[in-house]
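To start, the structure under review is shown below, and the notes come after it.
Hydrogens, waters and symmetry mates are skipped; everything else that's a heavy atom, side chains included, is used.
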2 protein chains.
Amino acid sequence: MSTPSTPDPAPRRNRADALRNTEAVLEAAKAAFAELGVEAPIRDIAARAGVGVGTVYRSYPQRSDLIVAVFRRELQATADEADRLADEHPPAEALRLWARSLARFVATKRGFAAALHSGDPAYQPLPSQFIGVLAPRVQRILDAGARDGSLRGDVRAEELIPALSRLADDREPETGGRMVDVLLDGLGRS
Amino acid sequence: MSTPSTPDPAPRRNRADALRNTEAVLEAAKAAFAELGVEAPIRDIAARAGVGVGTVYRSYPQRSDLIVAVFRRELQATADEADRLADEHPPAEALRLWARSLARFVATKRGFAAALHSGDPAYQPLPSQFIGVLAPRVQRILDAGARDGSLRGDVRAEELIPALSRLADDREPETGGRMVDVLLDGLGRS
DNA sequence: GTGACAACCGGAACAACGTTCCGTATAGTT
DNA sequence: AACTATACGGAACGTTGTTCCGGTTGTCAC
């Protein structure tokens, strides 16, 4: 406010060791999530990364930050696939194919879907982070389907995605897949 | 093995104070579940009942025992309703009406559906207890629907009930209800 | 190279919870 | 009234999330 001399008030670059640690924690979390599910103990993640718990909390104040960081790449791939499928297939088929893609994503992330819907404050930002990325792409498919009459128009992506991820999160992947199919059958026609 | 004298080896009747306490814990748990959800702290339940935690564990070694005991009556009512609806309505309609009944049950038991599918060992007996009671009644409806062609025949009650309870367990009851309807639409026809 | 300081680190410390265990109290019987 | 199997209470232990602070270490200016 007072000194107009510094146009970019960014005070300092991040320290190199801090960046290294942030990366190490990310890798450790990825391994821990794969092995123990997304509710792996923070202490465990810290130990794998060779750092103290304080360091984990500094880089990722909320557990959801860590989850989002670990799965960002795969999440983005799933989102991109929605666009690709929308371009290459009619809406109803694109939606069905994309649902399988989502089911694969959910099935390989133990505890992810449960965390998504838990209501636990530690996971509170997760739904918006997760659905925020996916919903616009899926909504495009739903809109196209509503236009050509192949999909009913009264379900929004923001409610469909949680429903699909809930159904897909079954101990028996085959059962989860079948229930997803049934739900999509219910979306068919108008 | 050695002494054939005692045909009924039941050694002693339950003590009256123990019965009183078991009942007090049940009432306390009912209140705690309603207020805090099914993962209410055991200490909290014990305090409400005016009892030590050891007493809670003696009557209900697993948390799932407490949950089943608390909801047994309502669960039974929901199960009975399946029979009633099956007698009074055609299969597809009976199923839809029953699904609403299940949705109401789930919606008013905070955390119940999540516990049902959590995989947490503390809740491990819950699915069989819960689904074991409901499934036979619901299967009757599904079978009738498969016979008259109004419902597809490739979905079993054991997988439908978890799916419905997952969908119904939404922060927005209206959304949950709509997704349940969509799933049932998918079950329609063959 | 050296000094100084902000940034960062590690892990101790605290709180909440599930669960076990055992010395004490007591209901029911003799 | 005395006795004993039964049940009780809650201390104690292990695990987890989360905060906090004394000590350490990059980084920059000189």
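- Close to dC9(C), at under 4.0 Å from its OP1 or OP2, lies a side-chain N or O of N21(A).
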| said: Within the 4.0 Å limit for protein heavy atoms, which parts of nucleotides 14-26 of chain C are touched? Write it as a string from 5' to 3', B for base, S for sugar-phosphate only, - for none. | reply: ---BBBB-----B
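- Rounded to an integer number of Å, the gap from CZ of R20(A) to C1' of dG26(D) is 10 Å.
- Using a cut-off of 4.0 Å between Lys/Arg side-chain N and Asp/Glu carboxylate O, E35(B) and R48(B) are scored as salt-bridged.
- For the pair L66(A) CG and dT18(D) C1', the computed distance is 15 Å after rounding to whole Å.
- Proximity of T55(B) to the phosphate of dA7(D): no side-chain N or O atom is located under 4.0 Å from OP1 or OP2.
- Residues forming a side chain to side chain donor-acceptor pair (under 3.5 Å) with T22(A) (at least two apart in sequence, or on another chain): S59(A).
- For D120(B) and dT16(D), the CG to C1' distance is 14 Å, given to the nearest whole Å.
- Taking atom CG of residue L36(A) and atom P of nucleotide dG17(D), one finds them 11 Å apart after rounding to whole Å.
- Residues satisfying the side chain to side chain contact (heavy atoms under 4.5 Å, CB included) criterion with A157(A), sequence neighbours excluded, are A135(A), V138(A), Q139(A), L142(A), I161(A).
- Applying the salt bridge (Lys or Arg N to Asp or Glu O under 4.0 Å) test to pairs two or more places apart or on separate chains, those with a residue in residues 67-84 of chain B are E74(B)-K109(B), D80(B)-R137(B), E81(B)-R84(B), D83(B)-R137(B), D83(B)-R140(B), R84(B)-E88(B).
- Within the structure, the ring-ring contact (aromatic ring centres under 6.0 Å, His included) test picks out no pair touching residues 81-104 of chain B (sequence neighbours left out).
- Applying the ring-ring contact (aromatic ring centres under 6.0 Å, His included) test to every pair with at least one member in residues 37-81 of chain B, sequence neighbours left out, gives these pairs: F71(B)-F112(B).
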